[in-house]
Participant: 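Please find one structure pasted underneath; my questions will follow.
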Amino acid sequence: MAQAHVNRIATAVPANEIHDFFRQFVAASLHEKPREQRLFIKMSEKAGIERRHSCIETAADAAGPVVDRAGMFRRGAFPGTGERMDFFKIHAPDLAMRAIEGLKLDDPREITHLVVASCTGMSAPGLDLQILRRLGLDASVERTLIGFMGCYAAVSALKAARHIVRSEPDAKVLVVNCELCTLHLKETTDLEQLLTFSIWGDGASAALVTSEPVGIRLDGFKALLAGDADELMTWNVCDDGFDMVLSGQVPATIQTVLQAHWTEILGNRAVEEIDLWAVHPGGRSVLDAIQKTLRLDDAALTASREVLRDNGNMSSATVMFVLEKMLADGKPGEKGIGMAFGPGLTAETVSFEMAA
């Protein structure tokens, strides 16, 4: 049976850096709550994030009446979900195409399957069809759209690509993740929600998956679901955008899940036998919890921490940024484990090995 390999990965982020602007925006929003304001500043400084990017072009003054230059986010009148989805339809295809162009495909017309994952915007016809038309793909290309699964959707997309290649060895699968997380900014003074917003960034990834034995060989997948933890991480469509709840209990719950199932994830191998750890950086505390649970040295999660530092959490695209680093620096024969987390609380994991 054919083995599926991630031959190439390319990523893209918008030009607008928004991390410092957002911190200033929150500080201004909490001016009547000085205790919460101080606490936010302290905790955001420890988040391990230095830069985040957004398709939204921010205004000159973070304390002013309008957050963005286009005037869509006005204090006291933030946009509804419909207006946000209109923004997604315009900007998501541009960002996705930047990532795809980075793949430098020899001939896009050779693509046989397109798998697209996103949980921050939706419409029909959707992002998959927009990509097909912009890339000039044949209308007969098989399209799969993976939506609203959260940060672990990238692993689900790779899983779908692997199934395709194993059943059709000549398939050339284009896998795209595109997320505009910052589009769902809310006007609130709730500290927990503001801290959740402070980790999100926009980003896109593109990957070519085929049976050609080059790059990252996808060996197997394992899905885990934490019991009685549904409310710790949720993602709901509301009138004022999508509402993300990310409980402070998430890191501890992930620890519990890993402690119970780590032998299944590793395939009965020892932690020391794993050379590469492609962990979705859902936040600094999540990475700390995983490092502590598996007793990893500091170097093991370097790639994940660098992606978090430079981009924040870009939902489903994020772990692909980590894998991109490993594809560039990994050595043939190195064995790896990838993992990402999302609503449920769900953990999707993948075992892989670096090929030629």
Participant: Go through the structure and list residues passing ring pair (Phe, Tyr, Trp, His ring centres under 6.0 Å) with F87, not counting sequence neighbours.
Facilitator: H91
Participant: Side-chain heavy atoms under 4.5 angstrom apart, residues restricted to Ile, Leu, Val, Met, Phe, Trp, Tyr: same cluster for V350 and M354?
Facilitator: yes
Participant: With a 3.5 Å distance limit and no angle check, can you tell me whether S211 reaches the backbone of P169 through a side-chain donor-acceptor pair?
Facilitator: yes
Participant: Does a side-chain N-to-carboxylate-O contact under 4.0 Å join D288 and K292?
Facilitator: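 No.
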Participant: Would you say E264 has more than 12 foreign heavy atoms packed within less than 6.0 Å of its CD?
Facilitator: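 Atom CD in E264 is packed in, count exceeds 12.
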Participant: Do L308 and L296 belong together in a cluster built from hydrophobic side chains that touch within less than 4.5 Å?
Facilitator: yes
Participant: Between F341 and Y152, is the ring centroid distance below 6.0 Å?
Facilitator: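 Between F341 and Y152, the centre distance exceeds or equals 6.0 Å.
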Participant: So, E348 and K222, do they make that salt bridge, N to O below 4.0 Å?
Facilitator: no
Participant: Tell me whether T210 contacts the main-chain N or O of K172 through its side chain, where contact means a donor paired with an acceptor under 3.5 Å.
Facilitator: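 No, T210 side chain to K172 backbone: no donor-acceptor pair under 3.5 Å.
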Participant: Taking N7 for the side chain and E212 for the main chain, is one N or O donor matched with an acceptor at less than 3.5 Å?
Facilitator: yes
Participant: Does a salt bridge link K335 with E273, judged by any charged N lying under 4.0 Å from a carboxylate O?
Facilitator: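 Looking at K335 and E273, the cut-off is not met.
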Participant: Say whether M97 and L137 are linked into one hydrophobic cluster, either directly or through other cluster members, by side-chain heavy-atom distances under 4.5 angstrom.
Facilitator: yes
Participant: So, is the end of the R52 side chain (NZ or CZ) under 6.0 Å from the ring centre of F22 and within 45° of the ring's axis?
Facilitator: yes
Participant: Partners of F197 by ring pair (Phe, Tyr, Trp, His ring centres under 6.0 Å), sequence neighbours excluded?
Facilitator: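 Here no residue qualifies.
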Participant: Enumerate the salt bridge (charged side-chain N to carboxylate O under 4.0 Å, His left out) contacts for residues 185-207, please, sequence neighbours excluded, ordered by first and then second residue.
Facilitator: K186-D240, K186-D243
Participant: Counting only heavy atoms not in D239 (residues, nucleotides, ligands), do more than 12 fall under 6.0 Å from its CG?
Facilitator: no
Participant: Kindly indicate, with the supporting measurements, whether the criterion side chain to side chain contact (heavy atoms under 4.5 Å, CB included) is fulfilled by V6 and L323.
Facilitator: CA-CA 10 Å; V6 182; L323 285 170; over 6 Å; no
Participant: Would you say the ring centroid of H184 lies under 6.0 angstrom from that of W235?
Facilitator: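 Close enough - the centres of the two rings lie under 6.0 Å apart.
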Participant: Shared ILVMFWY cluster between I199 and I290, side chains joined below 4.5 angstrom?
Facilitator: yes
Participant: So does R269 have more than 12 non-hydrogen atoms from other groups sitting under 6.0 Å from CZ?
Facilitator: yes
Participant: Is R84 paired with D86 through a side-chain N to carboxylate O contact shorter than 4.0 Å?
Facilitator: no
Participant: Tell me, please, which residues at least two apart from R143 pass side-chain hydrogen bond (donor to acceptor under 3.5 Å, both in side chains).
Facilitator: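 D128.
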Participant: Just by distance, do the side chain of R8 and the backbone of K104 share a donor-acceptor pair under 3.5 Å?
Facilitator: yes
Participant: Q291 and R305: side chain to side chain contact (heavy atoms under 4.5 Å, CB included), yes or no, with the steps?
Facilitator: CA-CA 11 Å; Q291 181 173 350; R305 293 190 189 277; 2.9 Å; yes
Participant: Could I get the full list of side chain to side chain contact (heavy atoms under 4.5 Å, CB included) partners for P93, not counting sequence neighbours?
Facilitator: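 Only L127, Q130, R134 meet the side chain to side chain contact (heavy atoms under 4.5 Å, CB included) criterion with P93.
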Participant: Would you kindly confirm whether L158 and V176 end up in one hydrophobic cluster when ILVMFWY residues are joined by side chain heavy atoms under 4.5 Å apart?
Facilitator: no
Participant: Under the ring pair (Phe, Tyr, Trp, His ring centres under 6.0 Å) test, which residues partner F221, sequence neighbours left out?
Facilitator: none
